[in-house]
Amino acid sequence: MRAAALYPAAGALLLTTLSAVPADGAPRATAASGVAVAAARAAAEGIDFGHCSDARKLPGSMECGTVSVPLDYARPHGRQIELTVSRVKATHRDPRNSKRLVPRQGALVFNPGGPGASGLHFPLIGLMPQWQRIGAAYDLVGYDPRGVGRSAPLSCQDPKEFFKGPSPAPTHPSESYKRERVAQAKAYARGCAQRAGSALRHYNSLNNARDLDVLRAALGEKQLTFMGASYGTYFGALYATLFPAHVRRMVFDAAVNPDPAQIWYRNNLAQSAAFESRWADFREWVAKHHAVYGLGRTAQAVLSRYERAQARLAAEPAGGSVGPAQLKSAFLQAGYYDDYWPSRAEALSAYLKGDPKPLIALAAPVREAAAEAENSSAVYTAVECNDAPWPTDFTVWDRDNTRLARVAPFETWDNVWTNLPCAYWPAPRQQPLDVRTGPGELPPTLILAAERDAAAPYDGALEMHRRLSGSVLVTERDAGTHGIAGGPNGCVNGHLEAYLLEGRLPVRRAACAPHAEPVPGAQREAAGTPRAVRR
């Protein structure tokens with residue numbers, strides 16, 4: 001075990017920052033001193049890695065363990081929760097020259113975003129060819145963040161009630177439908193409070209960043225090498241702001257906008273607008289391949305076929321479970337990843353020709369995954385609602401999104417219903433941290449972004465670049481995949497490897513040509529970083 005030498009002053013720091021002992025007997029500290037105490041304890045204890053609970057389903061090289069973190073960093077000796085961590089050790093084998101040994105550079109910790117996504121299986125990505133050089137030099141480390149999966153899982157409702165289908169998805173909802181969704185949002189927020197109790201307020205991005213520092217210490221790393229995708233870039237940026245001296249290297253893949261004014265209400269408005277553009281990209285691709293799919297020669301014609309399918313499903317759900325909302329969810333995924341385009345186009349084409357089976361396979365709720373999906377949704381909601389103030393009057397949501405839906409109908413109202421519990425949230429809201437580092441405060445960091453990313457619009461990457469001094473932005477032009485590290489673009493991967501393996505970055509912002517468009521009729525989904533279809 002690597003002991004508390006990492007934090008020689010932790011004890012003194014605790015003594016100088018603890019306040020009087022409150023009535024419940026648990027000493028209070030500042031959050032900063034609480035992190036120092038928890039990290040010193042984690043450094044002393046380390047992580048006892050062993051077999052993963054689902055080891056029979058996994059390659060033998062992956063191992064799992066746990067690290068304890070305070071539920072409340074102001075009470076570092078109070079209630080603890082365990083985060084489940086996974087690891088595949090550095091192979092030391094150069095995939096380009098099997099006789100050459102590669103020195104270990106430490107642990108590379110990854111978060112796939114969400115909020116609410118599990119990174120537990122990330123270390124297995126080292127088996128993919130485009131990750132093997134990185135896996136030779138780094139222990140690949142994934143984990144379930146607080147509230148997720150095996151890390152003190154959060155729940156807001158009975159998972160049996162989570163998948164309700166078939167269900168509608170009106171792009172211009174009626175007043176009665178809006179009232180129904182407001183009632184559902186209020187009930188969901190109450191359910192979160194009832195199930196989590198006083199712990200609910202502690203599921204937030206600042207605590208995710210603090211947990212990351214405790215994990216770093218538990219791994220025996222003096223400085224953190226971290227890669228966050230999507231939402232993972234936001235709390236990675238919080239970490240960089242809170243603990244700049246603890247950063248070795250950081251990769252922000254599909255960066256979200258960290259401007260406090262955008263967290264999270266305005267970021268969701270921007271996301272809905274961006275999905276409309278990406279939905280148009282998909283329809284134009286389908287129209288280009290009318291000879292394969294027969295869905296129309298223009299993007300407007302493809303939209304007409306899609307709306308025809310919506311109307312049919314509203315009248316008679318496919319397989320008894322796929323209605324308009326399930327159709328929308330399946331096609332929303334195509335807005336995240338263009339390698340989903342062929343399967344979605346094929347399913348729509350087959351359905352309109354009388355064969356619903358491909359669409360059912362893509363869109364029907366998977367009952368066996370209900371508990372995992374409900375947990376992910378609960379964490380997503382809790383983190384976003386806790387992180388920042390939200391409008392508490394539905395008339396504000398109604399005004400802003402009615403206006404937006406006139407030009408961006410595809411995703412706007414579904415995004416509202418996903419986030420509306422935040423209007424009625426029972427836990428205290430935080431003021432977002434002003435993410436910002438000055439010259440020399442933070443080692444150079446790498447930001448990766450696709451220019452037409454809908455889930456994390458490109459303006460967010462530009463803002464992240466402005467706020468993190470010394471960062472370098474690499475853009476995949478005219479592309480929209482959400483998360484581009486380790487994907488099909490060799491130029492992007494070259495920058496990623498140069499940075500992680502050599503600490504080398506372009507002198508200034510760089511651009512890569514887009515990866516190849518999907519092949520019509522192909523049912524292939526490319527392997528990049530692990531995916532989370534959320535933010």
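For this chain, numbers begin at 1 and follow the sequence in order.
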Between [X] and [Y] (side chain of the first, backbone of the second, donor and acceptor by atom type, cut-off under 3.5 Å), is there such a pair?
{"X": "Asp139", "Y": "Arg87", "value": "no"}
{"X": "Arg467", "Y": "Val435", "value": "yes"}
{"X": "Thr412", "Y": "Ala408", "value": "yes"}
{"X": "Ser376", "Y": "Gly116", "value": "yes"}
{"X": "Glu374", "Y": "Phe162", "value": "no"}
{"X": "Gln326", "Y": "Pro166", "value": "no"}
{"X": "Asp253", "Y": "Ala485", "value": "yes"}
{"X": "Asn111", "Y": "Gly228", "value": "no"}
{"X": "Asn268", "Y": "Trp264", "value": "yes"}
{"X": "Asp94", "Y": "Arg100", "value": "no"}

If you measure from the Lys or Arg side-chain nitrogens to the Asp or Glu carboxylate oxygens, is any gap between [X] and [Y] under 4.0 Å?
{"X": "Asp355", "Y": "Lys357", "result": "yes"}
{"X": "Lys288", "Y": "Glu517", "result": "yes"}
{"X": "Asp259", "Y": "Arg266", "result": "no"}
{"X": "Glu276", "Y": "Arg452", "result": "no"}

Evaluation steps, salt bridge (Lys or Arg N to Asp or Glu O under 4.0 Å), between Arg278 and Asp338:
CA-CA 9 Å; Arg278 197 62 182 151; Asp338 59 17; 3.7 Å; yes
Less than 4.5 Å apart, any side-chain heavy atom of [X] and any of [Y]?
{"X": "Ile484", "Y": "Asp453", "result": "no"}
{"X": "Gln333", "Y": "Arg344", "result": "yes"}
{"X": "Ile134", "Y": "Leu140", "result": "yes"}
{"X": "Leu462", "Y": "His465", "result": "no"}
{"X": "Arg150", "Y": "Ser53", "result": "yes"}
{"X": "Asp400", "Y": "Arg403", "result": "yes"}

Heavy atoms only: give me the nearest [X]-[Y] pair and the separation to one decimal.
{"X": "Pro432", "Y": "Tyr234", "answer": "CB-OH, 4.0 Å"}
{"X": "His290", "Y": "Leu295", "answer": "ND1-N, 3.4 Å"}
{"X": "Ala209", "Y": "Leu238", "answer": "CB-CB, 4.0 Å"}
{"X": "Leu500", "Y": "Gln105", "answer": "O-OE1, 3.4 Å"}
{"X": "Glu384", "Y": "Pro115", "answer": "OE2-CD, 3.9 Å"}
{"X": "Gly114", "Y": "Tyr380", "answer": "O-CD1, 3.9 Å"}

Derivation of the side chain to side chain donor-acceptor pair (under 3.5 Å) call for His51 and Glu63:
CA-CA 5 Å; His51 290 298; Glu63 49 191 1; over 6 Å; no
Examine the side chains of [X] and [Y] and answer whether a donor and an acceptor come within less than 3.5 Å of each other.
{"X": "Tyr231", "Y": "Asn208", "answer": "yes"}
{"X": "Tyr499", "Y": "Thr445", "answer": "no"}
{"X": "Arg283", "Y": "Thr298", "answer": "no"}
{"X": "Asn419", "Y": "Asn415", "answer": "yes"}
{"X": "Gln132", "Y": "Arg93", "answer": "no"}
{"X": "Asn401", "Y": "Trp413", "answer": "no"}

Among Leu448, Asn489, Asn493, whose side chain to side chain contact (heavy atoms under 4.5 Å, CB included) with Cys512 holds?
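Single side chain to side chain contact (heavy atoms under 4.5 Å, CB included) partner of Cys512 among Leu448, Asn489, Asn493: Asn489.
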When you look at Arg146 and Ser151, which way does the side chain to side chain contact (heavy atoms under 4.5 Å, CB included) test go after all the steps?
CA-CA 5 Å; Arg146 62 171 56 205; Ser151 297; 5.6 Å; no
Residue pair Ser471, Arg466: steps toward the side chain to side chain donor-acceptor pair (under 3.5 Å) verdict
CA-CA 8 Å; Ser471 64; Arg466 282 191 290 267; over 6 Å; no
Using the ring of each side chain (for Trp, its six-membered ring), is [X] parallel, tilted or perpendicular to [Y], with breaks at 30° and 60°?
{"X": "Trp390", "Y": "Trp397", "value": "parallel"}
{"X": "Phe235", "Y": "Phe226", "value": "tilted"}
{"X": "Phe275", "Y": "Tyr336", "value": "tilted"}
{"X": "Trp285", "Y": "Trp341", "value": "tilted"}

Look at atom CD of Glu372 and say whether more than 12 heavy atoms of other residues, nucleotides or ligands are closer to it than 6.0 Å.
no
Hey, is CZ on Arg367 packed in by over 12 heavy atoms from elsewhere, all under 6.0 Å?
yes
Excluding sequence neighbours, so at least two apart, what forms ring pair (Phe, Tyr, Trp, His ring centres under 6.0 Å) with Phe252?
none
Residue pairs involving residues 308-321 (criterion side chain to side chain donor-acceptor pair (under 3.5 Å); sequence neighbours excluded)
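Sorted pair list comes back empty.
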When you look at Asp144 and Leu83, which way does the side chain to side chain contact (heavy atoms under 4.5 Å, CB included) test go after all the steps?
CA-CA 6 Å; Asp144 279 346; Leu83 308 184; over 6 Å; no
What do the steps show when you test Phe331 against Leu327 for side chain to side chain contact (heavy atoms under 4.5 Å, CB included), and what is the final call?
CA-CA 6 Å; Phe331 279 78; Leu327 176 74; 3.5 Å; yes
Under the criterion side chain to side chain contact (heavy atoms under 4.5 Å, CB included), I'd like the reasoning laid out for Tyr143 against Ser86: C-alpha separation, chi angles, the key distance, then a yes or no.
CA-CA 6 Å; Tyr143 70 108; Ser86 58; 6.0 Å; no
